[in-house]
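The structure appears right after this line, and notes come after that.
Everything numeric here is computed off the predicted structure, so don't read it as measured data. All residue numbers refer to positions in the sequence shown, counting from 1.
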Amino acid sequence: MSTDFERLLKLRNEMNRDRPEFLRHLWWKKPKFKNDPKWRKPKGIDNKMKRQLKGFPPIVKIGYRGPALVRGLHPTGLKPAVVHNKSELEALDPATTIVYIAGSVGLRKRMEIYEAAASKGFRVANPPRIIQPQAKGGVVG
């Protein structure tokens with residue numbers, strides 16, 4: 001990776017750290033909004049949050065976006081790709097792609113995909129859960 005690309009990744013991480021959490025208007029007053037916090041654009045001509053008055057939460061603006069060159073990339077700088085089976089690995093490049101095994105894939109196929117990806121040099125962002133063998137003798141109570 002070039003130093004400029006690494007600089008942009010570092011800049012994106014710093015921007016993510018400083019970016020406020022955007023939540024809908026009046027989320028602090030209505031309990032039903034606390035259960036499902038998400039962004040909703042404020043509406044209405046007198047909405048203080050929409051008018052961006054002092055003391056009200058910030059609204060989503062284009063200036064909060066990260067650098068375009070690294071937008072949507074994994075923190076390592078690789079392009080993420082979701083894989084459902086081993087044959088989908090053929091079309092991907094291990095040098096530029098990080099693999100996510102799809103959530104709908106079961107453990108047996110997940111292990112097969114993981115082994116195939118590791119043999120081809122891919123990095124796997126969500127390796128399968130490996131069941132730890134229990135200690136001999138079991139739990140002593």
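- Contact detail for Thr97 and Ala81: the closest heavy-atom pair is CG2-CB, 3.6 Å.
- The main-chain N or O of Ala116 is found under 3.5 Å from a side-chain atom of Ser119 such that the two form a donor-acceptor pair.
- Between the side chain of Arg12 and the main chain of Val70, a donor-acceptor pair closer than 3.5 Å is present.
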Residues Leu9, Arg7; criterion side-chain contact (heavy atoms from CB on, under 4.5 Å); working and verdict: CA-CA 5 Å; Leu9 281 173; Arg7 183 185 63 80; over 6 Å; no

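- With values rounded to the nearest 0.5 angstrom, Leu26 atom CG is found 10.5 Å from Lys32 atom NZ.
- Arg24 approaches Met49 most closely through the heavy-atom pair C-CE, 4.3 Å.
- To the nearest 0.5 Å, the span separating CG on Leu78 from CZ on Phe122 amounts to 10.5 Å.
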Criterion side-chain contact (heavy atoms from CB on, under 4.5 Å) on His25 and Lys41, from CA distance to verdict: CA-CA 8 Å; His25 181 57; Lys41 185 176 180 178; over 6 Å; no

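- Of all non-hydrogen atoms in Gly121 and Pro94, the two that sit nearest each other are O-CB, 3.7 Å.
- Contact check for Arg123 versus Val99: no side-chain heavy atoms found under the 4.5 Å cut-off.
- To the nearest 0.5 angstrom, Ile101 atom CD1 is 11.5 Å from Asn85 atom CG.
- No single ILVMFWY cluster, assembled from side-chain heavy atoms under 4.5 Å apart, contains both Met111 and Val124.
- In the displayed structure, Lys34 atom NZ is contacted under 6.0 Å by more than 12 heavy atoms of other residues, nucleotides or ligands.
- Ring planes of Trp39 and Phe22: perpendicular class, angle over 60° (limits at 30 and 60°).
- Residues Pro128 and Leu107 are in side-chain contact: their nearest non-hydrogen atoms beyond the backbone lie under 4.5 Å apart.
- Connection of Leu73 to Leu92 is not established within any shared hydrophobic cluster, with ILVMFWY side chains joined at heavy-atom distances below 4.5 Å, either directly or through further cluster members.
- Atoms CZ and NZ, on Phe33 and Lys38 in that order, are 10.5 Å from each other to the nearest 0.5 Å.
- Side-chain atoms of Val83 and Glu88, non-hydrogen and from C-beta on, do get closer than 4.5 Å to each other.
- Judged by distance alone, the side chain of Arg110 and the main-chain N or O of Ser104 form no donor-acceptor pair under 3.5 Å.
- Taken from CZ in Arg19 to OH in Tyr64, the straight-line distance is 9.5 Å, to the nearest 0.5 Å.
- A pairwise comparison of heavy atoms in Gln52 and Ile59 identifies NE2-CD1, 3.4 Å as the closest pair.
- Of all the heavy atoms in Phe56 and Lys48, the pair that sits closest is CZ-CD, 3.3 Å.
- If you run side-chain contact (heavy atoms from CB on, under 4.5 Å) between Met15 and each of Leu11, Asp18, Asn13, only Leu11 comes through.
- Between Arg108 and Glu112 there is a salt bridge, with a side-chain nitrogen of the basic residue lying less than 4.0 Å from a carboxylate oxygen of the acidic one.
- Residue Lys120 holds its NZ atom at 3.0 Å from CD of Glu90, rounded to the nearest 0.5 Å.
- Using a distance-only test at 3.5 Å, with no hydrogens or angles considered, a donor-acceptor pair links the side chain of Arg71 to the main chain of Gly66.
- Minimum heavy-atom separation, Tyr100 to Pro80: CE1-CB, 3.6 Å.
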